[in-house]
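Whatever order the structure lists ligands and atoms in, that order sets their numbers, starting from 1.
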Amino acid sequence: MATFEYRCQQDGSFDVVLPVGTAGPSTSCPRCGFPATRVFSAPRLARMPAALREAIDRTERSAEQPEVVGRVPGGRPARRSTNPAHARLPRW
Ligand SMILES: [Zn+2]
């Protein structure tokens with residue numbers, strides 16, 4: 001199955017899920033019933049927001065190549081304690 005994009009002149013674009021190779025040049029609009037023409041667009045992945053695509057890519061990479069960090073990403077660096085007893089604690 002694949003997702004195909006059609007555009008109704010009145011209602012705008014909508015998606016139709018059909019088996020690959022069965023999408024015709026037009027279909028009826030689900031809202032108004034008038035013919036809607038097929039839009040030949042880039043693959044679905046290219047229409048995904050960049051931040052979402054990066055998050056998915058990072059998640060897939062982390063399955064085999066987990067990132068090693070020294071601190072919480074985006075967080076402030078930890079403040080050093082002034083308590084001398086804390087200086088004897090192991091560092092990680
Ligand atoms: Zn319509």
Inset, instruction - Tell me the protein N, O or S atoms under 2.8 Å from the Zn ion (ligand 1), in chain and number order. - result: Cys8 SG, Asp11 OD2, Cys29 SG, Cys32 SG
Inset, instruction - Quick one: list whatever passes side chain to side chain donor-acceptor pair (under 3.5 Å) with Thr59, sequence neighbours left out. - result: none
Inset, instruction - Taking side-chain contact (heavy atoms from CB on, under 4.5 Å) as the test, write out the residues that go with Arg58, two or more places apart. - result: Glu54, Arg61, Glu67
Inset, instruction - Answer yes or no: is there a side-chain heavy-atom contact under 4.5 Å between Tyr6 and Val16? - result: yes
Which atom pairs, donor and acceptor, lie under 3.5 Å between side-chain atoms of residues 20-31 and protein residues at least two apart or in another chain?
unit_1 : atom_1 : unit_2 : atom_2 : d
Thr22  : OG1    : Pro19  : O      : 2.6
Arg31  : NH1    : Asp11  : O      : 3.1

Inset, instruction - Could you grab the distance from atom CD of Gln10 to atom CZ of Phe34, nearest 0.5 Å is fine? - result: 7.0 Å
Legend entry - Nearest-0.5 Å distance, CZ of residue Phe14 to CZ of residue Phe4: 13.0 Å
